[in-house]
Peer 1: 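My questions will all concern the structure given below.
By convention here, the first residue in the shown sequence is residue 1. Note that ligands are numbered from 1 as they come in the structure, with each ligand's atoms numbered from 1 the same way.
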Amino acid sequence: MQAVTGEEMGAVDRYVIETLGYPGAMLMENAGRAVTERLLHYYHTGERFLILIGSGNNGGDGFVIARTLKDAKREVHVCLIPPEEKFKGDAKLHKNLYENAGYTWTSYDPIYFQKADIVIDALLGTGISGDIREPYSNVIEAITNAEKTVVSVDLPSGIPGDETTVPEGSLQADRTITLQQPKLSYYTYPARDYYGETEVVPIGIPPTAFEHTVKTKRNVWSASETANHWQPWAASSHKGNHGKVGIIAGSETMPGAAAIAAGAAVKSGAGLTTIATPQSVIPMVAAHVPEATYFPRENEISSFYENKDGIAVGPGTGFDTDGPEILTELIENFEGPLVVDADGLHQLAEMLDRVRARKHPLIITPHPGEMAALIGSSPRDVNSRRFEVAASFAQEHGIYVVLKGPYTLVATPEGEIWINDSGNAGLAKGGSGDVLTGIVLAFVTKTNNIQPAISSAVYMHGYTADYLLERGVPMETMNAMEMIQALPNSFREIR
Ligand SMILES: NC(=O)C1=CN([C@@H]2O[C@H](COP(=O)(O)OP(=O)(O)OC[C@H]3O[C@@H](n4cnc5c(N)ncnc54)[C@H](O)[C@@H]3O)[C@@H](O)[C@H]2O)[C@@H](O)CC1
Ligand SMILES: [K+]
């Protein structure tokens, strides 16, 4: 499913209307009917509806919803927020149809909240710009104070379609029925919290309209995509087929990161895993990952990477003195997929010219803080424009960016984005990133199809946390070792 900004949705609408000849009023009819169908599905025990209508096309949808609910003999009161002469175009047409059907409305008065069970928010849609102005800010405050169930049409009023900060006083919906495509704001926080339960309903716009108008591809990657891209093991395979991976990880103060990343790689299908870590750390890590072989990091690193099919570098390395040289050498000379995480990312900012010159896949897995350090900005800035930051950094440097967080984004060198929809807050703790690095490394090794491999790894990482949560493991106690142990179960369910 493709996610769009408000502006892109507007361009799609214009294309459908002007180039394909669909009447705008028909799309509005489809939109309103699709919402009514869902409302009748959820609320079928005599609930009373109050529909609040704004002056734009979101309000126009409101008139269709009102008419079709009344046709279905439901109890509905309709309040217009702006004066009636403000309605134009398709919204005005549907206001007329509503009236011609013999149905009535009143001006807005908060008294009507008293006789309502469900408030339908058809105030503001993707046409919002800037802070919420009167009279809408007042009405939204009154909705909040009324403490009724709120269902928003397309998006909660105030929240824009694109990713940005949330305007103060935006409406908190219990449920949102989004029209045709999910909007970017749905995949960004804190905007996501305002949507409540959300579903997307089709309104009859054909795929060709998106192909012709939306330049940036941003698609959701979920269980079905992961299953479709699963690489089954052939019966005749041997350990060399599944990739020889190398993990440069761990240090005296952070040995666990090596054990976790390598443990995850071993359980995610890597054929042979070798860990490069300081000599003194090897016995501790080996006690946890007996399947791996070991390489003292003090040795010449070229003999470590030369025969590998994929390398990950960074978890818990601390990387003090030898870090930059190792990373530079890998970027310049290692010919397989190279995954750079954690401490490796701290050095990468100084090597971006080398990164751009690299011919082989480079995958970085920053959290917003690490991403901010790479672009010389703040985590707050990154979080307010995750899509833009991930896509432009990936494109500019010709790499794959895995920008972690809720709805982890995978951006490709072409600037396409894949939005991951698995995972929960149990992942927001130390060690979880090391698990992801191990799974990503195992999946990207021995394939030429890098983006599906990364997205599948990200999906499985999140899904494994969901699997644990569903089986009663509290988010607070979820840890990296449990995640690794649960991989066989979550793999079995998805592949
Ligand atoms: N053909 C189309 O374009 C379709 C549009 N649809 C609906 O139309 C919506 C978009 O319609 P519009 O582009 O008319 O815009 P909206 O209906 O979202 O809002 C536009 C209105 O909001 C006011 N406004 C904008 N920013 C404001 C602010 N900060 N504070 C207070 N008021 C503000 C404007 O003055 C204008 O009256 C979609 O969200 C969807 O619900 C659907 O009917 C499907 C078809
Ligand atoms: K709305």
Side-chain angles (χ1 to χ4, degrees), residues 4-36 51-66 68 80-95 97 119-141 143 150-162 164-186 191 194-196 198 200-205 209 213:
V4 295
T5 64
E7 208 174 297
E8 287 168 347
M9 198 64 214
V12 169
D13 282 335
R14 277 193 302 281
Y15 181 86
V16 175
I17 293 166
E18 289 163 16
T19 307
L20 304 186
Y22 287 40
M26 180 182 96
L27 295 178
M28 195 172 276
E29 178 77 14
N30 292 352
R33 280 185 181 276
V35 173
T36 290
I51 306 188
L52 301 178
I53 295 193
S55 65
N57 285 335
N58 197 250
D61 299 341
F63 278 116
V64 178
I65 296 165
T68 49
L80 270 54
I81 310 306
E84 63 172 318
E85 56 278 11
K86 284 259 184 180
F87 290 89
K88 306 254 153 29
D90 296 333
K92 183 175 177 187
L93 185 147
H94 277 291
K95 175 173 169 293
L97 296 184
V119 175
I120 306 297
D121 153 35
L123 297 172
L124 301 167
T126 52
I128 172 101
S129 70
D131 292 339
I132 306 166
R133 296 186 299 271
E134 293 301 352
Y136 296 101
S137 46
N138 235 321
V139 176
I140 291 175
E141 197 181 337
I143 300 174
V150 177
V151 181
S152 288
V153 178
D154 206 11
L155 15 72
S157 287
I159 303 288
D162 26 328
T164 172
T165 45
V166 167
E168 200 176 317
S170 293
L171 181 60
Q172 172 70 59
D174 294 291
R175 183 184 293 288
T176 297
I177 302 175
T178 289
L179 306 175
Q180 187 70 39
Q181 301 300 134
K183 313 302 180 295
L184 286 201
S185 54
Y186 177 80
Y194 287 79
Y195 275 83
T198 302
V200 180
V201 292
I203 67 166
I205 296 178
T213 50

Peer 1: Do ligand 1 and G127 have nitrogen or oxygen atoms that lie under 3.5 Å from each other?
Peer 2: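 Yes, G127 has an N/O under 3.5 Å of an N/O on ligand 1.
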Peer 1: May I have the angle between L155 O and V153 O with its vertex at the K ion (ligand 2), rounded to 10°?
Peer 2: 70°
Peer 1: Against heavy atoms of M28, which atoms of ligand 1 measure under 4.0 Å?
Peer 2: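 So the answer, numbered in order with elements, is 43 (O).
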Peer 1: Side chain, backbone, both or neither: which part of I128 has a heavy atom under 4.0 Å from ligand 1?
Peer 2: both
Peer 1: Measure the CG-CG distance between D121 and D174 for me, rounded to the nearest 0.5 Å.
Peer 2: 11.0 Å
Peer 1: If you take the nearest heavy atom of each of G158, G60, G125, which one is closest to atom 16 (P) of ligand 1?
Peer 2: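 It is G125 whose heavy atom sits nearest to atom 16 (P) of ligand 1.
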Peer 1: Just jot down the ligand 1 atoms closer than 4.0 angstrom to any heavy atom of I203, in number order.
Peer 2: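 Every atom of ligand 1 under 4.0 Å from some heavy atom of I203: 44 (C).
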Peer 1: Taking the side chain from T178 and the backbone from D154, do they hold a donor-acceptor pair closer than 3.5 Å?
Peer 2: yes
Peer 1: Determine whether a donor-acceptor pair (N or O, by modelled atom type, separation under 3.5 Å) exists between the side chain of E29 and the backbone of R33.
Peer 2: no
Peer 1: Does L123 bring an N, O or S atom to under 3.4 Å of the K ion (ligand 2)?
Peer 2: no
Peer 1: I need the nearest protein heavy-atom contact for atom 42 (C) of ligand 1: residue, atom name and distance, please.
Peer 2: D61 OD1, 3.2 Å
Peer 1: Within the 4.0 Å heavy-atom shell around S55, which atoms of ligand 1 are there?
Peer 2: 36 (C), 37 (O)
Peer 1: Could you tell me whether D154 approaches ligand 1 through its side chain, its backbone, both or neither, with non-hydrogen atoms closer than 4.0 Å?
Peer 2: side chain
Peer 1: Would you kindly specify which portion of L179 sits under 4.0 Å from ligand 1, judged on non-hydrogen atoms: side chain, backbone, both or neither?
Peer 2: side chain
Peer 1: Specify side chain, backbone, both or neither for D131, according to which of its non-hydrogen atoms lie closer than 4.0 Å to ligand 1.
Peer 2: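 Looking at D131 and ligand 1, just backbone atoms fall under 4.0 Å.
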Peer 1: Considering only heavy atoms, does D13 approach ligand 1 within less than 4.0 Å through its side chain, its backbone, both, or neither?
Peer 2: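 Just the side chain.
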Peer 1: Quick one: look at I17 and ligand 1, take heavy-atom pairs under 4.0 Å, and tell me if it's side chain, backbone, both or neither.
Peer 2: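 The part of I17 near ligand 1 is the side chain, not the backbone.
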Peer 1: Numbering the atoms of ligand 1 from 1, which are under 4.0 Å from a heavy atom of I132?
Peer 2: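 In order of number, 29 (N), 30 (N).
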Peer 1: Check for a donor-acceptor pair, side chain of D61 on one end and backbone N or O of A31 on the other, with a separation under 3.5 Å.
Peer 2: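 It does not hold such a pair.
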Peer 1: Do any N or O atoms from the side chain of D162 and from the backbone of L184 form a donor-acceptor pair under 3.5 angstrom?
Peer 2: no
Peer 1: What do you reckon, does S129 put a non-hydrogen atom under 4.0 Å from ligand 1?
Peer 2: yes
Peer 1: Under 3.4 Å from the K ion (ligand 2), can any N, O or S atom of L171 be found?
Peer 2: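 No - counting backbone and side chain alike, L171 has no N, O or S atom under 3.4 Å.
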Peer 1: Return yes when at least one protein heavy atom is under 4.0 Å from atom 34 (C) of ligand 1, and no when none is.
Peer 2: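 No, no protein heavy atom sits under 4.0 Å from atom 34 (C) of ligand 1.
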Peer 1: Under 6.0 Å from the CD atom of E168, do we count more than 12 heavy atoms belonging to anything else shown?
Peer 2: no
Peer 1: Could you name the option among D90, L124, N30, N58 that has the heavy atom nearest to atom 9 (C) of ligand 1?
Peer 2: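 Ranked by closest heavy atom to atom 9 (C) of ligand 1, first place is N58.
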Peer 1: Nearest 10°: the angle subtended at the K ion (ligand 2) by D121 OD1 and L124 O?
Peer 2: 110°
Peer 1: Angle at the K ion (ligand 2): provide the value between OG of S157 and OD1 of N58, rounding to 10 degrees.
Peer 2: 100°
Peer 1: Strictly distance-based, threshold 3.5 Å: is any side-chain N or O of T68 a donor or acceptor partner for the main-chain N or O of I65?
Peer 2: yes
Peer 1: For ligand 1, is G130 a contact, meaning one of its heavy atoms is under 4.0 Å away?
Peer 2: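 In this structure, G130 qualifies as a contact of ligand 1 - some heavy atom is under 4.0 Å.
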